[in-house]
A.B. asks: 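Got a structure here, written out as structure tokens. Questions coming.
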2 protein chains.
Amino acid sequence: MALRFAILGLLLDGPSSGYDLARRFAEVIGAYAWDAKHSQIYPELRGLEEEGLIEVAARGARGRTAYRCTAEGLAELRGWLTTPPESRGGVRNEHALRLFLLPALDHEDAIEVLRHTEAAATAQAERLSQEVLRLQEATGAASGGPLGLTAQYGIGSFRATAQWARSAMDQVAVDARAGRWPGDHPSRR
Amino acid sequence: MALRFAILGLLLDGPSSGYDLARRFAEVIGAYAWDAKHSQIYPELRGLEEEGLIEVAARGARGRTAYRCTAEGLAELRGWLTTPPESRGGVRNEHALRLFLLPALDHEDAIEVLRHTEAAATAQAERLSQEVLRLQEATGAASGGPLGLTAQYGIGSFRATAQWARSAMDQVAVDARAGRWPGDHPSRR
DNA sequence: GATAACATGTAAGAGGTTACATGATTTC
DNA sequence: GAAATCATGTAACCTCTTACATGTTATC
């Protein structure tokens with residue numbers, strides 16, 4: 001379901017071909033919010049056109065077909081955005097899973113993994129901060145535009161992760177000293 | 001790939017049947033880290049057994065088959081945990097996507113959505129805080145055990161989201177007053 | 001004896017990835 | 001003219017969800 005709305009949203013920035021969309025997924029949004037390959041995009045575009053949510057805006061060389069979002073498409077997207085996701089069921093977050101499984105490692109390895117987590121999250125937050133500055137300059141908007149807002153969200157998440165990792169290292173060390181770290185006793189689990 | 005490691009990790013807490021695992025996914029871990037249904041779990045258990053990563057620990061009434069993690073299974077899990085995810089490609093986060101698409105809404109609806117986001121994130125953080133307190137009491141560990149650590153991670157993420165949403169509301173308001181909010185001008189996009 | 005909970009299984013289909021495949025145009 | 005890039009398509013395969021299906025044991 002989400003893919004079609006991602007496409008509708010991207011088409012609001014101007015007519016795009018499947019090829020254009022694939023590039024924007026791969027180069028930009030794929031790193032922040034949602035990813036998709038061309039093999040998924042082209043069939044979806046056909047579906048969206050059949051439903052009247054997008055229409056052909058132009059045909060160019062090499063069989064290029066650019067689409068635009070119709071009024072119906074915009075209405076559909078707005079409807080989806082203003083309906084809160086029912087959710088509450090079924091997180092599927094590999095990062096969180098890895099953290100949850102950390103007690104399978106002995107405390108030294110666990111701390112090592114947390115060190116990596118902390119370093120990676122800090123680096124990501126740093127990278128996005130640069131990105132936001134660049135976007136604010138480029139757009140002139142306080143938010144740095146839609147990408148700026150999303151990037152700011154990413155910064156907050158990564159900083160929270162880094163902070164959590166530091167605190168978790170301490171807690172693992174404390175538990176390990178007290179002989180309470182599960183991964184140090186694989187036999188009696 | 002992740003499912004098999006989730007199962008191996010769960011089996012470290014003691015022998016479990018597919019039914020037991022399904023319940024733990026549905027009632028606990030599914031809300032924090034990873035979810036799976038029994039229709040996925042049973043075939044995976046068969047695969048893991050064929051590969052020697054788990055073995056039958058007991059057979060009980062009603063065809064119940066409990067498995068335990070073998071030494072090979074633990075080694076496999078530890079290998080996966082200590083190998084950093086290559087990632088860098090292909091986020092698939094519906095929440096982030098929704099935030100990214102926010103500029104498709106007029107500024108009033110966008111702020112309304114952000115208000116919801118803020119309220120929901122705050123409530124989740126609150127709920128998890130209670131949970132951590134409970135886990136710390138129950139386990140006697142500073143971390144509150146593996147679930148406690150994962151829950152703390154969740155708290156940090158939700159607080160970051162709530163904070164971001166407050167800041168985003170301000171920025172949308174500023175951009176809207178300056179006539180720079182894209183969703184207020186659907187025609188000239 | 002009925003009902004709830006335990007326990008496992010299969011099948012159809014959506015969503016997604018990787019790989020294979022093809023051809024047109026631009027650029028050097 | 002070769003190579004890179006543009007541009008689209010298909011097929012096999014994996015993961016996951018939903019629904020259908022079946023039988024057993026405990027509890028009231």
Side-chain angles (χ1 to χ4, degrees), chain A residues 1-8 10-11 15-27 29-31 33-51 54 56-67 80 85-94 97, chain B residues 1-8 10-11 15-27 29-31 33-51 54 56-67 80 85-94 97:
Chain A
M1 267 302 82
L3 175 61
R4 64 192 306 119
F5 298 111
I7 291 177
L8 288 172
L10 288 175
L11 289 181
S16 306
S17 65
Y19 188 83
D20 295 337
L21 292 171
R23 275 206 357 195
R24 290 182 68 195
F25 275 112
E27 292 174 6
I29 323 122
W34 203 264
D35 198 14
K37 321 284 181 196
H38 77 273
S39 56
Q40 217 187 337
I41 293 168
Y42 288 113
E44 190 71 45
L45 285 172
R46 261 176 268 139
L48 286 167
E49 197 197 354
E50 271 173 35
E51 295 176 49
I54 64 175
V56 174
R59 295 187 191 275
R62 281 164 290 196
R64 176 188 168 91
T65 310
Y67 297 88
W80 182 70
E86 359 70 53
S87 71
R88 252 308 81 247
V91 173
R92 190 158 281 110
N93 179 339
E94 182 177 319
L97 176 63
Chain B
M1 266 304 80
L3 174 61
R4 64 191 307 116
F5 298 111
I7 291 177
L8 288 171
L10 288 175
L11 290 182
S16 306
S17 65
Y19 188 83
D20 295 337
L21 293 171
R23 276 207 357 196
R24 291 182 68 196
F25 275 113
E27 292 174 4
I29 325 122
W34 203 264
D35 198 13
K37 321 284 182 197
H38 77 273
S39 56
Q40 215 187 338
I41 293 169
Y42 289 112
E44 189 71 45
L45 285 172
R46 261 175 268 139
L48 286 166
E49 196 196 357
E50 272 173 35
E51 294 176 50
I54 64 175
V56 174
R59 294 188 191 277
R62 283 164 290 196
R64 176 189 167 91
T65 310
Y67 296 89
W80 181 70
E86 1 68 57
S87 71
R88 254 307 79 248
V91 173
R92 189 159 281 109
N93 179 339
E94 182 177 319
L97 175 63

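In what follows, every chain begins at residue 1, and chains take the letters A, B, ... in the order their sequences are listed.
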A.B. asks: I'd like to compare against my own output: the B/S/- annotation of nucleotides 8-18 of chain C with a strict under-4.0 Å heavy-atom distance to protein.
C.D. replies: BBBB---SSBB
A.B. asks: What is the distance, rounded to the nearest whole Å, between atom CG of A:L45 and atom P of D:dA7?
C.D. replies: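 Distance check: A:L45 CG to D:dA7 P gives 14 Å.
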A.B. asks: Strictly distance-based, threshold 3.5 Å: is any side-chain N or O of B:R92 a donor or acceptor partner for the main-chain N or O of A:D35?
C.D. replies: yes
A.B. asks: Check every strand shown and say whether B:R4 touches a base, only sugar-phosphate, or nothing at a heavy-atom separation below 4.0 Å.
C.D. replies: nothing
A.B. asks: Would you mind reporting whether A:F25 and A:H38 have side-chain heavy atoms less than 4.5 Å apart?
C.D. replies: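 A side-chain contact under 4.5 Å is absent here.
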A.B. asks: How many whole angstroms separate atom CG of B:L21 from atom P of C:dC6?
C.D. replies: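 Atom CG in B:L21 sits about 14 Å away from atom P in C:dC6.
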A.B. asks: Could you grab the distance from atom CD1 of A:I29 to atom CG of B:L97, nearest 0.5 Å is fine?
C.D. replies: 9.0 Å
A.B. asks: Applying a 4.0 Å non-hydrogen cut-off, can you work out what A:R23 is touching in the nucleic acid: base, sugar-phosphate, or nothing?
C.D. replies: sugar-phosphate
A.B. asks: Quick one: OH on A:Y67 to OG on A:S17, what's the gap to the nearest 0.5 Å?
C.D. replies: 9.5 Å
A.B. asks: Could you check whether any side-chain heavy atom of B:E44 comes within less than 4.5 Å of a side-chain heavy atom of B:R4, counting everything from C-beta outward?
C.D. replies: yes
A.B. asks: With rounding to the nearest 0.5 Å, note down the distance linking CD1 in A:I41 to CG in A:L3.
C.D. replies: 7.0 Å
A.B. asks: Roughly how many Å is it from CZ in A:F25 to C1' in D:dT8, rounded to a whole number?
C.D. replies: 17 Å
